[in-house]
Amino acid sequence: MAKRVRQPGFRRNRNPVTWLLRHAQMSLSSLGRLSRSPLTTLMTAAVIGIALALPSGLHMLVDNVRQLSASWDGSASISLFLNDAVSDEQAEQVRAKVAARNDIADTRLIDRAAALDEFRRLSGFGQAIELLDQNPLPPVVLARPAARIQGSDAVGHLAQELQAFREIDLAQVDLQWVERLGAITGTIERAVLVLAVLLAGAVLLIVGNTIRLEIQNRHSEIEVVKLVGGTDAFIRRPFLYEGFWYGLLGAAIALILVIVSLVLLDGPVERLAGLYNSRFELAAVDWGSFLGIVGGGPLLGLCGAWLAVGRHLAHVQPE
Amino acid sequence: MIRFDNVAKRYPTGHEGLSGVDLHLEPGEMAFLTGHSGAGKSTLLKLIGLLERATRGQVWVNGRNLNKLSNRDVPYHRREVGMIFQDHRLLHDRTVFDNIALPLVVSGMGHAEVTRRVRAALDKVGLLKKDKVFPIALSGGEQQRVGIARALVSKPPVLLADEPTGNLDPELSREIMELFMQFNQVGVTLLVATHDIDLVNRLGKRIITLRNGRVAGDSGTAG
């Protein structure tokens, strides 16, 4: 086409107040259009909701496990198994010596009798123990590192120092499984991320397809609007709003799904934690997940609609 | 107001819709476009409304060279050209009022002004009491008048009509044409494609005849 020469210009409406008003009207009328076919709308929104709820729910679960292992990590205590020759009195002296260190926050002595008692109670081998004529268990000092000793390296280093004590046979840090748990949650977290990306793609496709059908259904309307001088932006707008509403509705459904799942899981988790002498509680929906769902849903809806509109609206030309 | 300079329109199929058309309509002029079907009447109107673009030559409407309008400008151009179709092109899920209001809504007009103008347009076509009715409940003639009201509601300087009376009986056709004559009296430039030659002859307006995509006859500007 020839170079554009400024001809007598067209008057374009650029009043921001009217513009805003028209956007508000358009968004409401899009919502009204969706509400006129509630079942279809709800089904589409539910699919979006599930697609959003799945990764965010899993993410929150992993987050919870991570918080739990972090709390264990922080309070990991060191079990100091004393030499078998050490008497209960001497054991108390060892405890006092360990407690005096400034890198130890707290100690507790489990003497031979208490150790046997605990073993009987928790191990299930109580009767086997009865067969032995003497107590095979050494006294144990449980030492909790000071708060500034953080991380498995520092705690391990402290354990090594303590093991240098003559009376101490073995200083054991039970951190390895906490680390394993950390590695597992890390892996799951990554898997959740991949899942989230895939499901975000699915949401785009769902919204895109829904809007494409909508464009087909309103083919003649789009034609007439083009005939009477509707700009592309004007024609695009209701579809974009529709995508936005689908996303927002999906987000609301996702939130409900996540909250209901949390409530359903709360009882079993509490029972499970009780078995491990833990008072762990599932955290409620955190701000990150909330914003992820409420922001991500509409954004994905809008993007999906944009893709569909960009692809299909240009094909509708009046004849 | 409307000028064609050696305009040709060739479709991708190879069919030549128009070839070498020269035409000039003064502002406020009214003309009929006649010829057999396939003679190029619709193509000529489509070029004016930018539903199609000319493959050769230049089309001028309202002081603008349409070849030089970008696709972004097309909607604004169409707001200055009211179009009326044989099949009315009404939206059947909207009331008569909303159908007529569409060009105003599209251009961003405020609600009060829209109501005022739509009522004025309804009054002009004699459908003032039918504003809340859906098009399906109207007769063919009434539907066509809704289409006319929609075309003129934004007061475009140019009005095009493609076989506006094609489906109407002679009595209704005459009424529609009289309506057009009234618009013309207030200064609107009108170009009406029709094959109803008997009716056109009686109205005494300029008649442009197309044959095989060329202007085969032009009665000239009649006073």
Side-chain angles (χ1 to χ4, degrees), chain A residues 1-30 32-37 214-239 310 313-319, chain B residues 42-43 45-46 49-54 58 60-85 87-94 98-111 113 135 147 150-154 156 160 162:
Chain A
M1 203 165 90
K3 190 163 72 78
R4 252 185 98 186
V5 181
R6 262 287 140 223
Q7 310 194 55
F10 293 107
R11 215 164 50 86
R12 296 179 194 211
N13 190 349
R14 296 207 193 278
N15 184 343
V17 177
T18 352
W19 186 82
L20 270 179
L21 201 71
R22 280 152 51 76
H23 263 273
Q25 278 173 353
M26 194 66 93
S27 82
L28 284 182
S29 77
S30 293
R33 189 176 288 276
L34 289 183
S35 72
R36 274 193 288 274
S37 50
E214 187 69 23
I215 291 173
Q216 271 175 14
N217 286 340
R218 292 166 69 183
H219 193 279
S220 58
E221 181 183 341
I222 296 169
E223 267 189 18
V224 170
V225 171
K226 282 194 174 182
L227 277 178
V228 300
T231 57
D232 285 350
F234 181 89
I235 294 164
R236 213 162 29 217
R237 221 167 280 151
F239 296 106
L313 219 49
H315 297 313
V316 184
Q317 286 297 346
E319 286 169 10
Chain B
S42 294
T43 303
L45 293 182
K46 280 177 184 175
L50 271 182
L51 302 184
E52 307 271 6
R53 283 182 184 272
Q58 303 198 319
W60 297 74
V61 177
N62 207 7
R64 295 191 187 87
N65 184 341
L66 299 193
N67 291 14
K68 292 184 175 157
L69 290 188
S70 72
N71 286 336
R72 266 176 56 87
D73 287 329
V74 169
Y76 299 95
H77 167 70
R78 287 195 189 140
R79 290 177 195 177
E80 295 181 353
V81 180
M83 285 180 269
I84 297 154
F85 304 90
D87 56 359
H88 326 315
R89 303 268 180 109
L90 301 179
L91 297 177
H92 291 278
D93 59 345
R94 302 196 187 187
D98 288 343
N99 265 286
I100 298 174
L102 197 60
L104 304 179
V105 171
V106 152
S107 70
M109 192 176 282
H111 184 71
E113 179 73 0
R150 185 182 67 191
L152 65 86
V153 73
S154 55
L160 307 176
D162 193 0

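In what follows, chains carry the letters A, B, and so on, assigned in the order in which the sequence lines appear, proteins first and then strands, with residues in each chain numbered from 1.
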* Contact part of B:Val105 toward chain A, heavy-atom cut-off under 4.5 Å: side chain, backbone, both or neither? -> both
* With sequence neighbours excluded, tell me which residues meet ring-ring contact (aromatic ring centres under 6.0 Å, His included) with A:His23. => A:Trp19, A:Tyr241
* Structure fact -> So, the part of B:Glu80 with a heavy atom under 4.5 Å from chain A: the answer is side chain
* **Over-ring placement of A:Arg218 relative to A:Phe239, 6.0 Å and 45° cut-offs** => yes
* For A:Gln25, is it the side chain, the backbone, both or neither that has a heavy atom under 4.5 Å from a heavy atom of chain B? -> neither
* Asked: Any side-chain heavy atom of B:Arg89 sitting closer than 4.5 Å to one from B:Met83?
  -> no
* Side chain from CB out, backbone as N, CA, C, O: work out which of these in B:His92 comes under 4.5 Å of a heavy atom of chain A, or both, or neither. => neither
* To do: List for me each residue that meets side-chain contact (heavy atoms from CB on, under 4.5 Å) alongside A:Ser37, sequence neighbours excluded, and say none if there are none.
  => A:Thr40, A:Thr41
